[in-house]
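Scroll down for the structure; my scribbles are underneath it.
Counting starts at 1 for both ligands and their atoms, following the listed order. We use all heavy atoms of the structure for the numbers below, so side chains are in, but hydrogens, waters and symmetry mates are not.
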Amino acid sequence: MLEKFVLRRCFSSKPSTMRAWVSENGSGIELKEVAVPVINKPGQVLLKVKAASVNPIDVDMSQGYGREFLGTWKKFATCDVQASRFPLIPGRDCTGVVEAVGGDVHNLAPGDEVMAVVPVIQPGTHAEFVVTDSKLCSKKPSNLNFEEAAALPYVASTAFSAFSVARVNQRNAKTRRVLIHGGSGGVGSMAIQLLRAWGCEKIVTTCGKDSFEMVEKLGAIPIDYASEQATQELIEHAPFEVIFDTVDSPLAKWSDNVMGVWRNCIHVSIVSPLMREMDKNGVPLGLATTAIKHFERAFQSHLRGRWFSYAFFMPSSDLMGQLSRFAEDGKIVPIVERVMQFEELEKAYEKVSQLQGRGKTVIKLN
Ligand SMILES: NC(=O)c1ccc[n+]([C@@H]2O[C@H](COP(=O)([O-])OP(=O)(O)OC[C@H]3O[C@@H](n4cnc5c(N)ncnc54)[C@H](OP(=O)(O)O)[C@@H]3O)[C@@H](O)[C@H]2O)c1
């Protein structure tokens, strides 16, 4: 009876098991045969995965990163004190075909081609099937294939979440001067594109010299992070209202010096010690030590009317709608560095863990 209410429509007779990459206890991944996930909320959809991006966070989580915090969050979210982070299926975004929809889903139907993100406490997309909220799916842009479109949702959601913290959006981006550290990487290259799609006119980015052409094409002014003139060049482009940091380098820390003073300027970093501190010290102590580190980092800035904050990947239905439109209009283009087969995921993890991305590594499923 409950199943009838929850599950409204089903596309085909799907198998009961699937292949998925599983981390049993945080010591790497293995390819396993597991049960196909089921829709257990009326707003959810079941997707047959066609392609998924591979991100540093997937590698880290398969090695135990976030075990404490995400385990605690899952206990609260599922009201189950026994709930554990493991076994987990990594992968936070994908493109795919809708296989079945919950009773409250009216914007999608079986057979639709979509791109999607999956909240961090749910089983992920490095599998043949995945369940996610229908609001976190949007139409696959018609001009992109599955692999190209899969390079967009996770990195765009992370950049969008950081810009939400910095209060930069479609309405005010035009007048903001933004410095991005790591503009050649997966998140950084998407952050440049999102800002440009919102009309931002001044984007400066630090990156390696061999990525200059790529970031210039995206619309940013490159500065070689290894050059001795880097600080001088940053001073010449200053002041910035927003610094978006994806690398946490000494230069990124120094660049607080080129922020405006008393203008509500903000430095947002997505390289946060939070999860690692919690994994090391448990949730309460981990929160406390991160708060102390945050305070140390932010105090000098606050004295001059500037802000500092960490930001994290957050799925957003608002972003997903914008992303499909921008991609169809050609305002955002996927930068796919490499496409690998689903079966090669371990190799893909090895590559991505080096943090030398030039766009995205994507896996495809047949
Ligand atoms: N908080 C969150 O929720 C969240 C979400 C997504 C990602 N992240 C984190 O954000 C970081 C970046 O992720 P990603 O997916 O964009 O990685 P990625 O694709 O591997 O990109 C990293 C980029 O940083 C560049 N780089 C390295 N050192 C640099 C420096 N000192 N200055 C400027 N650029 C530098 C690299 O270029 P070169 O090869 O030329 O050095 C590379 O292009 C990772 O640490 C990841 O864990 C956090």
Side-chain angles (χ1 to χ4, degrees), residues 52-63 65-66 69-70 73 90-93 117-121 124 150-166 179-194 204-215 218 220-227 230-231 233-234 243-255 268-278 290 294 309-316 319 334-338 348-362:
S53 76
V54 182
N55 296 279
I57 195 101
D58 304 320
V59 182
D60 290 347
M61 282 187 177
S62 72
Q63 292 166 353
Y65 174 79
F69 177 70
L70 298 170
W73 181 359
R92 300 273 57 93
D93 67 0
V117 279
V118 179
V120 275
I121 54 166
L152 302 176
Y154 175 79
V155 283
S157 304
T158 305
F160 184 81
S161 160
F163 291 139
S164 302
V165 170
L179 168 62
I180 298 173
H181 289 286
S184 53
V187 180
S189 57
M190 176 54 69
I192 296 172
Q193 297 198 69
L194 195 55
V204 175
T205 187
T206 58
C207 61
K209 217 169 171 42
D210 55 348
S211 302
F212 272 30
E213 197 185 327
M214 175 186 129
V215 301
L218 298 179
I221 300 165
I223 291 179
D224 179 5
Y225 63 80
S227 150
T231 51
E233 286 180 53
L234 285 174
I243 295 178
F244 177 38
D245 182 10
T246 76
V247 293
D248 194 32
S249 63
L251 182 63
K253 289 195 176 95
W254 176 89
S255 66
V268 182
S269 171
I270 56 166
V271 187
S272 153
L274 181 66
M275 302 279 188
R276 292 204 196 283
E277 290 291 332
M278 287 186 183
T290 306
H294 182 277
S309 181
Y310 294 116
F312 301 89
F313 157 74
M314 282 289 176
S316 154
L319 180 266
I335 303 176
V336 179
E337 186 181 10
R338 204 189 248 187
Y349 274 26
E350 218 177 289
K351 193 226 162 284
V352 167
S353 66
Q354 290 159 10
L355 291 182
Q356 291 174 336
R358 300 282 183 284
K360 295 309 305 166
T361 297
V362 171

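In this structure, Arg92 contributes its side chain and Asp58 its backbone to no donor-acceptor pair below 3.5 Å.
Counting only heavy atoms of the protein, atom 24 (O) of ligand 1 lies nearest to Val247 CG1, 3.6 Å. Nearest non-hydrogen protein atom to atom 22 (C) of ligand 1 is Leu355 O, 3.6 Å. Scanning the protein for heavy atoms near atom 6 (C) of ligand 1, the closest one is Tyr154 OH, 3.2 Å. Nearest protein heavy-atom contact of atom 41 (O) of ligand 1 is Tyr225 OH, 2.5 Å.
Using a 4.0 angstrom heavy-atom cutoff, Thr246 counts as in contact with ligand 1. Within the structure, ligand 1 has Ala311 among the residues with a heavy atom less than 4.0 angstrom away.
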- Task: Using the salt bridge (Lys or Arg N to Asp or Glu O under 4.0 Å) rule, take Asp248 and Lys253 through it: C-alpha gap first, then chi angles, then the decisive distance, then the call.
- Result: CA-CA 7 Å; Asp248 194 32; Lys253 289 195 176 95; 3.4 Å; yes

- Query: How far apart are the C-alpha atoms of Ser62 and Asp60, what are their side-chain angles, what is the distance that settles it, and do they pass the side-chain hydrogen bond (donor to acceptor under 3.5 Å, both in side chains) test?
  - Reply: CA-CA 5 Å; Ser62 72; Asp60 290 347; over 6 Å; no

- Message: Test side-chain contact (heavy atoms from CB on, under 4.5 Å) on Ile221 and Thr205; report intermediate values, then the result.
- Response: CA-CA 6 Å; Ile221 300 165; Thr205 187; over 6 Å; no

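The side-chain heavy atoms of Tyr349 and Val54, taken from C-beta on, include a pair separated by under 4.5 Å.
Here the closest heavy-atom approach between residue Tyr225 and residue Ala230 is recorded as O-CB, 4.5 Å.
Atom CZ of Arg358 and atom SG of Cys207 lie 8.5 Å apart (nearest 0.5 Å). Remark: Leu251 CG to Asp224 CG distance equals 10.0 Å, nearest 0.5 Å. Considering CD of Glu337 and NZ of Lys360, their distance stands at 9.0 Å, rounded to 0.5 Å.
Residue contact check: Phe312 has heavy atoms under 4.0 Å from atoms 1 (N), 2 (C), 3 (O) of ligand 1. Residue-ligand proximity, Ser249 to ligand 1, at heavy-atom distances under 4.0 Å covers atoms 31 (N). Listed by number with element, the atoms of ligand 1 under 4.0 Å from a non-hydrogen atom of Gly182 are 33 (C), 34 (N). Atom numbering of ligand 1 starts at 1 in the shown order; those under 4.0 Å from a heavy atom of Gly208 are 40 (O). Ligand-side atoms of ligand 1 in range of Gln356: 20 (O), 39 (O), range being under 4.0 angstrom from any heavy atom.
Some N or O of Ile270 is nearer than 3.5 Å to an N or O of ligand 1, by distance alone. Note: an N/O pair closer than 3.5 Å links Gly357 and ligand 1 by distance alone. Between Phe313 and ligand 1, at least one N/O pair is under 3.5 Å apart. Ligand 1 has a nitrogen or oxygen under 3.5 angstrom from a nitrogen or oxygen of Gly185. Close N/O approach between Val187 and ligand 1 is found [any backbone or side-chain N/O within under 3.5 Å].
Aromatic rings from Tyr310 and His294 are positioned such that their centres are separated by under 6.0 Å.
The residue from Ser184, Pro56, Ser161 that puts a heavy atom closest to atom 37 (O) of ligand 1 is Ser184. Looking at Gly66, Gly186, Ser157 and measuring to atom 19 (O) of ligand 1, the nearest heavy atom belongs to Gly186.
Only the side chain of Arg358 comes within 4.0 Å of ligand 1, counting heavy atoms alone; its backbone N, CA, C and O stay farther away. Counting heavy atoms under 4.0 Å from ligand 1, residue Thr206 touches it through both backbone and side chain.
Within a 6.0 Å sphere centred on CD of Glu213, heavy atoms belonging to other residues, nucleotides or ligands number 12 at most.
His181 and Ser255 share a donor-acceptor pair across their side chains, judged by distance under 3.5 Å alone.
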